[in-house]
Amino acid sequence: MKLPKQYDAKQYETDIYMLWEQSGVFTADPTSSREHYAISMPPPNETGTLSIGHALFITLQDILARHARQQGKDVLWLPGTDHAALPVNAIIEKQLLKEGTTKHAIGREEFLRRTREFVGNSRQTMLGQMRMMGASADWTRLRYTLDEALNRCVNETFVKMYHDGLIYRGNRIVNWDPELETNVSDDEVMYEEEQGTFYTFRYGPFEIGTARPETKFADKYVVMHPSDKRYAQYKHGDTLKVEWINGPVTATVIKDEAVDPSFGTGVMTITPWHSLVDFEIAERHGLDKEQIIDLHGNLLPVAGEFAGMSIAEARPRIVEKLKNKGLLIKTDTDYVHHVAINERGRGVIEPQIRLQWFVDVNKPVVPWKGKKQSLKAVLQQVVRDKEVQIIPPRFEKIYFNWIDNLRDWCISRQIWWGHRIPVWYRTDPNGQQATYVGIQPPTDSGEGEHNWRQDPDTLDTWFSSALWTWSTLIDPELALDYNLPFEELLKNSPDFQAYHPTNVMETGWDILFFWVARMILATTYMTGQIPFRDVYLHGLVRAEDGKKMSKSRPESIIEPQTVIDTYGTDALRMALIMGVSPGNDQSWGRGKVEANRNFCNKIWNIARYCETVVGSSWSNENPVPASPADHWILARLATIQSGIGSDLDKYRFSEAYDKLYHFIWNDLADWYIEASKTDPNNQLLSYLLKAILILAHPFAPFVTETIWQTLPARDGTLASQPLVTLVTGDKKQATAFEKVQAIVGEARFIMKSLHAQRPSLFYADNLFMTHNGAVIQHLARLNKVAIGDPDSAQDNIHLTTSKFNCWLDIPKHKAHSYLDNLTKKQATEAATIKQLKQRLANEAYVKNAPEHVVMQTREQLKTAEEALESLQQEAARFR
RNA sequence: GGGUGAUUAGCUCAGUUGGCUAGAGCACCUCGUUUACACCGAGGGUGUCGGGGGUUCGAGUCCCUCAUCACCCACCA
């Protein structure tokens, strides 16, 4: 097949992907005797289309998966999607709002029907895009967080935790989002700075400060630090009558260390229903708690004349009223405070006390390493003991810091989209309230209130995601047999037995807490195993200006689809790993995609060249090196191939890529192929093409497979090829080629700086030049290379890199500027020599530095001295 | 308040356990239509590796300190 001049990715990518999928090369085999290698794909949220962040993780994981296959491992890269409760719920509610309706108006059933339709469409789009990225995932094992088998795992986990006393239901203060009408976990709350007003009011004999006057109606506790001398006269429990918003109230003095005496007046009133700190104070002293704001963000009847108003409406009026009553002391408009926002839905958080389900992270009931430990302790231990290795390691500190601050995890949500909480309630026939917690619904039924009603809430998305590494490996058929106990289910699931714990979890650092930590938590608890051995955390892809891509700046968003249309998938993939280090964010750069589009084209043209030269004499035999260039390129290949292997084993994607890029472009294309034109070795050329296609395949799967499919003597798909067997060349011969490179380099430099057009090179007869003259002539683009008489060449420019007499037919009188060059080079060499001599004169250095380093220095010195001598000789000729 | 990262060429960034003369891509300058490729080839880099101090035979790399920027966690009413 004749390849066109330029590689046009669009023409081939779709067909190539189909070829792979049909060949079954991505399908894992748990019965294989080969070493198993497993990666769980972080399931993308089904919220529309794939982002550049998805493109990045697909690239990284695909490189690992394809590389592992090349190493001969049985690879499972298990793909899936996440129902993404909160984000999806937010999208649907927004749609409903646009249509002028609400979820309550259409009802739970209709709401879920619409949601399923939306996620169904999203899923198809996203799965298509994942294939477009070249993801070598095992689609026969595609999973979805709401699959029935996964749902069973969710229920199993909930029920086990419930019976172990790890899950409890209680009235606690939660982060309530009045817009989505649900609470969210601490991790889902973010704080934004806002310029606000800080008011100081008179409260009996005290002055109290607040930024939120609208919560203050029922404040009847005045709190101060126990050792604050200013208020020593007031004793804990004292009561006093004070005039307040809606008339006089009885205030009780509370002494609590939570109060910071240096902030404001050191006195505050508390609103336990709407503040965590206040709630905790109230809990410590057994104080009353009263709700002031309803779940929609409006004031309750306790607000008197303000009842029913929104916070925004009520706030200025309350201040006005207090001012009129003479209770407003001070208004500070220059006050910066932090507003809590629901990260996923953007609603402003109003803390509320609600009856919710929680996971207790401190109760020591989890058997781990022969001890009963708390979830928190297990989380700490597996990372401290390096059972789970986090890369880059600095994230361990962040991880531990998160655990130290970890509170009980609120897992219930009031949204409708998600896993329903497996708890049912009813009134017993004898009038008692009864609760049923089970993997399946209760079977005994009753009439009316005597019938079981399931808890209306759903679980936090991360509760199901936390099970991802193993819930996806459970045999989905067996999981439907509810008579089979959970332990048996694990034992009888071949995938779980073969692939768990998985090898690596590759994901963004931004979900270290949400997801990675919770996978460790739930997996150690349920399976007794860690979920993965390594955690590789990548950074965010930022916009070209270095800022976060954001929907509010649509021009900042890079769509993978658009990039692929213009440059091809391979170019996008390599642009995403080029020059990027683990855990660090990268800015998107157009230059990087273009460079890699060009790189793909380079590979393409290397193949075109091989095709013309090798033609039908293509060979799969092991090559026999003949020329120095042959020996040299084989040595380079050996270094590069093993280097890339060890880089990838250590997740050094960027370094591996860099080695690949420069081997292919510089060593192979610029040096070897050019050199081989004077001395072709077709067998070796075939071998080299095969070797680089395989090496480049994990990074650029499409262009390499496209080329592979045109080769005459191929065997199956490139995706199924192991690395080539390395052939060792002769070291001396390889060194000879390096000498050729040095001579060519110097000749090119001289010609360039003197604007000499195709001079000839002459040399005093020697064997090296007899063998390498032709290749030097070709590489340096010389007129001819021939034996000459040194005596007649005293006026010509001699090369300084060759150890024999060798000159260009450029007379020195035409080349005065060249002398400057020589002088400069001499100075450089002299400086180097001085430095190296000093180093060797230092006894401490010779004594303490490792032997090979000292030897290296001696060699450097020798080389530099020889170079200087040649330069001096040549300079002398010019004078 | 606690913590992390960044600071290296004009720009964007690499640089494993300290050890060759500190690198890449892009941009830039000069030359070149050599039949694989102009999405190309050849040549071109004097960078106080943010400042200061320290450890060491040796520091971009380790320690201390300061500065600037970014981010994470906690959060004071």
Side-chain angles (χ1 to χ4, degrees), chain A residues 3 5-7 191 198 208-212 215-216 223 258-260 262-265 267-271 275-278 337-338 340 392 394-395 397-398 401-402 404-405 509-510 512-513 539-540 544 546-547 567 571 575 578-581 583-592 594-613 646-647 650 652 654-655 658 661-662 669-670 673-674 677 744-745 748-749 751-753 755 757 778-781 828-829 831-832 835-836 839 842-850 852-854 856-857 859-860 863-864:
Chain A
L3 302 178
K5 244 179 161 178
Q6 279 187 358
Y7 171 62
Y191 294 87
F198 191 76
I208 56 150
T210 184
R212 303 203 51 194
T215 63
K216 294 283 157 196
V223 192
V259 179
D260 177 2
S262 64
F263 184 85
T265 56
V267 182
M268 66 178 189
T269 59
I270 57 169
T271 314
S275 153
L276 175 64
V277 176
D278 295 2
H337 64 134
H338 296 99
R394 65 183 146 90
F395 280 98
K397 224 173 184 175
I398 296 170
N401 178 258
W402 177 79
D404 291 343
N405 292 309
W509 56 257
D510 52 325
L512 178 62
F513 310 141
L540 266 49
E544 286 201 76
K547 296 194 180 120
Y567 298 99
M578 175 182 186
V580 176
S581 46
N584 282 350
D585 294 352
Q586 61 173 311
S587 297
W588 174 255
R590 167 190 291 275
K592 292 206 277 189
E594 282 178 0
N596 284 297
R597 186 264 322 261
N598 297 353
F599 182 43
C600 291
N601 197 50
K602 192 75 191 180
I603 298 175
W604 183 255
N605 274 289
I606 289 171
R608 285 183 68 217
Y609 174 76
C610 294
E611 186 191 44
T612 15
V613 174
S646 67
D647 282 341
K650 291 170 195 151
R652 289 190 204 137
S654 174
E655 287 93 325
D658 199 61
Y661 182 94
H662 290 103
D670 292 344
I673 288 184
E674 282 311 313
K677 284 177 182 171
V744 168
R748 280 172 176 171
F749 176 75
M751 289 154 62
K752 210 66 177 185
S753 46
H755 301 288
Q757 297 286 327
H778 174 74
L779 288 172
R781 300 202 50 71
T828 313
E829 290 298 344
T832 308
Q835 204 185 354
L836 293 173
R839 197 180 298 171
N842 183 343
E843 278 174 38
Y845 172 70
V846 180
K847 207 176 93 190
N848 295 329
H852 72 274
V853 175
V854 178
Q856 214 170 33
T857 311
E859 273 164 34
Q860 278 164 26
T863 312

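In what follows, chains are A, B, ... by sequence order, proteins preceding strands, each numbered from 1.
Arg608(A) and Asn605(A) are linked by a side-chain donor-acceptor pair at a separation below 3.5 angstrom, with hydrogens and angles left out of the test.
Among the atoms of the strands shown, base atoms are found under 4.0 Å from some heavy atom of Val259(A). Among the protein residues, Arg597(A) comes within range of the nucleic acid bases, having at least one heavy atom under 4.0 Å from a base atom. Counting non-hydrogen atoms under 4.0 angstrom, Asn405(A) reaches the backbone sugars and phosphates but no base. Among the heavy atoms of the strands, none lies under 4.0 Å from Phe395(A). At the heavy-atom level, Thr832(A) lies nowhere under 4.0 Å from the strands shown. Using a 4.0 Å heavy-atom distance criterion, Arg590(A) is classed as making no nucleic acid contact.
Ranking rC39(B), rC57(B), rA77(B) by closeness to the Ala849(A) side chain, first place goes to rC57(B). When distances are taken from the side chain of Gln856(A) to each of rG19(B), rA77(B), rA14(B), the shortest belongs to rG19(B). Listed candidates were rU21(B), rC76(B), rC73(B). Nearest to the side chain of Leu836(A) is rU21(B). You'll find that the side chain of His338(A) is closest to rC75(B), out of rG19(B), rC75(B), rC72(B). Checked against rG43(B), rA77(B), rU21(B), the side chain of Lys216(A) finds its nearest nucleotide in rA77(B).
With salt bridges taken as basic N to acidic carboxylate O contacts below 4.0 Å, one links Lys677(A) and Glu674(A).
Phosphate proximity of rA77(B) to Ser275(A): absent, as no side-chain N or O sits under 4.0 Å from OP1 or OP2.
A gap of 28 Å separates the C1' atoms of rG25(B) and rG18(B), to the nearest Å.
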Look for any protein N or O under 3.5 Å of an N or O in nucleotides 1-11 of chain B and output each such pair with its distance, or none.
| unit_1 | atom_1 | unit_2 | atom_2 | d |
| --- | --- | --- | --- | --- |
| rU4(B) | OP1 | Lys397(A) | NZ | 2.8 |

Counting primed atoms, P, OP1 and OP2 as sugar-phosphate and everything else as base, the B/S/- map of nucleotides 22-38 of chain B against protein heavy atoms under 4.0 Å is --SS----SB--B-BB-
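A stem is defined here as three or more consecutive Watson-Crick or G-U pairs, each with both distances under 3.5 Å; for RNA chain B these stems are B:1-7 with B:67-73, B:10-13 with B:23-26, B:28-32 with B:40-44, B:50-54 with B:62-66.
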